[in-house]
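Here is the structure we will look at, set down as structure tokens.
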Amino acid sequence: MSSTWTLPDDLDLPTRPDFFPAPGEALPQHWSKCFGCGDDQPSGMAMTFIAEEGIEVSGRLTVANRYQGGPGVIHGGILSVAFDETQGMACMLLGVPVVTGHLEIDFAKPIPLGSVLEFRARMDGMTGRKLYTSAEARIVEGPTAGDDVVATSRGLFLTIKPEHFTPMKDFVDGEATSPFGSSTL
Ligand SMILES: CCCCCCCC/C=C\CCCCCCCC(=O)SCCNC(=O)CCNC(=O)[C@H](O)C(C)(C)COP(=O)(O)OP(=O)(O)OC[C@H]1O[C@@H](n2cnc3c(N)ncnc32)[C@H](O)[C@@H]1OP(=O)(O)O
């Protein structure tokens, strides 16, 4: 896999607050209408996440037929959504709202429709408002399941003020039922 990504050398690794789910417990969706994780988004990807040790999360995605890009394989954009979501969830362990500033993906192996993917993402460090993350995906169920890493990603997330989404309030489609965290609307 190739990448031009280099981490700054002045990063801190924060400690994880204890008010979030313990390792092994499910993470709440951050916004019920989110395409990646929301349960109020019928056309979405319904990803689920577990808190791991440290500032790390795992997430699962079943590759539905509608996620097809090339013949029989996942669309690269769908895989990118999953990486965005998983790394955003790793940031969420710190209890601060964030948005993605930069995301990059290396697509290493084809991923057949019907596969179940497991993503793992972690915080590599932060400086000021900038949170640096990395992640990888493996196929855990399906005809090509195995230990091979099928894709990797690196992200830069920026902490935002609660009012970041206020100008978007009128564009939300109906009532959201975000139970926890929320996108601060
Ligand atoms: C869907 C929303 C979910 C939100 C949930 C929140 C609550 C839950 C909490 C957690 C769950 C997380 C789960 C989320 C999963 C999905 C996340 C997404 O898909 S988010 C949607 C896509 N992303 C955007 O819409 C951002 C659009 N962009 C912006 O709004 C701005 O550009 C923003 C906020 C990212 C930065 O703008 P500035 O004005 O606040 O700050 P400046 O000064 O430009 O940048 C600050 C520092 O960052 C660097 N920077 C910014 N963008 C960069 C980039 N692309 N590459 C490298 N550096 C960058 C700059 O160089 C600067 O660095 P120096 O402080 O000077 O060292």
Side-chain angles (χ1 to χ4, degrees), residues 3-12 14 16-17 19-21 25-52 54-61 67 75-106 117-137 151 153-185:
S3 168
T4 54
W5 186 253
T6 50
L7 286 175
D9 52 18
D10 60 345
L11 297 183
D12 297 320
R16 175 172 156 175
F19 52 82
F20 272 99
E25 291 181 357
L27 277 165
Q29 58 193 339
H30 64 88
W31 173 237
S32 66
K33 289 181 174 289
C34 174
F35 181 75
C37 68
D39 62 10
D40 190 17
Q41 186 53 270
S43 59
M45 290 161 57
M47 288 187 76
T48 55
F49 296 94
I50 304 279
E52 302 289 348
I55 308 176
E56 181 158 336
V57 302
S58 59
R60 288 217 165 192
L61 174 70
Y67 300 158
H75 194 291
I78 292 288
L79 197 58
S80 304
V81 172
F83 273 123
D84 189 11
E85 194 71 27
T86 312
Q87 287 169 98
M89 285 294 191
C91 297
M92 189 171 154
L93 285 177
L94 292 185
V96 291
V98 297
V99 290
T100 322
H102 176 85
L103 184 72
E104 57 179 63
I105 318 285
D106 286 304
L117 289 169
E118 183 177 274
F119 296 84
R120 289 189 82 100
R122 68 213 50 89
M123 173 138 339
D124 293 322
M126 65 183 292
T127 176
R129 294 175 53 211
K130 298 189 282 191
L131 281 58
Y132 291 83
T133 60
S134 59
E136 62 281 332
S153 179
R154 292 141 300 276
L156 170 64
F157 291 78
L158 279 297
T159 61
I160 48 169
K161 294 194 168 134
E163 55 269 28
H164 177 87
F165 291 105
T166 304
M168 305 298 146
K169 198 175 174 81
D170 292 343
F171 303 112
V172 174
D173 52 328
E175 288 294 312
T177 56
S178 195
F180 180 85
S182 94
S183 297
T184 66
L185 286 173

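Small disclaimer: the values here were computed from a predicted structure and weren't measured. For reference, positions follow the sequence shown, starting with 1. Just follow the structure's listing: the first ligand is 1, and inside any ligand the first atom is 1.
Distance check, rounded to the nearest 0.5 Å: OG1 of T48 to CG of D39 gives 12.0 Å. Atom CG of D124 sits about 8.0 Å away from atom CG of L11, to the nearest 0.5 Å. The distance from the CG atom of L131 to the CG atom of D12 is 11.0 Å, given to the nearest 0.5 Å.
Checked against a 3.5 angstrom limit, the closest N/O atoms of D84 and ligand 1 fall inside it. Taking distance alone, with nitrogen or oxygen atoms compared against 3.5 Å, E85 stays at or beyond that limit from ligand 1. At under 3.5 Å, a nitrogen or oxygen of G101, whether backbone or side chain, sits near a nitrogen or oxygen of ligand 1.
Taking each of F157, F165, F35 in turn, the one with a heavy atom nearest to atom 4 (C) of ligand 1 proves to be F165. Considering each of V96, L156, T159, L131, the one bringing a non-hydrogen atom nearest atom 53 (C) of ligand 1 is L156.
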* Asked: Where do S134 and R122 land on the side chain to side chain contact (heavy atoms under 4.5 Å, CB included) test, with the steps shown first?
  -> CA-CA 6 Å; S134 59; R122 68 213 50 89; 3.2 Å; yes
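In terms of the side chain to side chain donor-acceptor pair (under 3.5 Å) criterion, S80 has no residue partners (sequence neighbours excluded). Evaluation of the ring-ring contact (aromatic ring centres under 6.0 Å, His included) rule for F83 yields F119 as partners, not counting sequence neighbours.
Of all heavy-atom pairs spanning A51 and L93, the tightest one is CB-CD2, 4.2 Å.
Close approach to H102 involves these atoms of ligand 1, each under 4.0 Å from a residue heavy atom: 55 (N), 56 (N). Applying the 4.0 Å criterion to heavy atoms of K130 picks out, from ligand 1, the atoms 47 (C), 48 (O), 49 (C), 63 (O), 64 (P), 67 (O). Residue contact check: H164 has heavy atoms under 4.0 Å from atoms 30 (O) of ligand 1. Those atoms of ligand 1 that come under 4.0 Å of a heavy atom in V98, given as number and element, are 4 (C), 5 (C), 6 (C), 9 (C), 10 (C), 12 (C). For ligand 1, the atoms lying closer than 4.0 Å to a non-hydrogen atom of M92 are 10 (C), 11 (C).
In L158, the part holding a heavy atom less than 4.0 Å from any atom of ligand 1 is the side chain.
Using 4.0 Å as the threshold, Q87 has no heavy atom nearer than that to any atom of ligand 1.
Between Q87 and L103 there is a side-chain heavy-atom pair separated by less than 4.5 Å.
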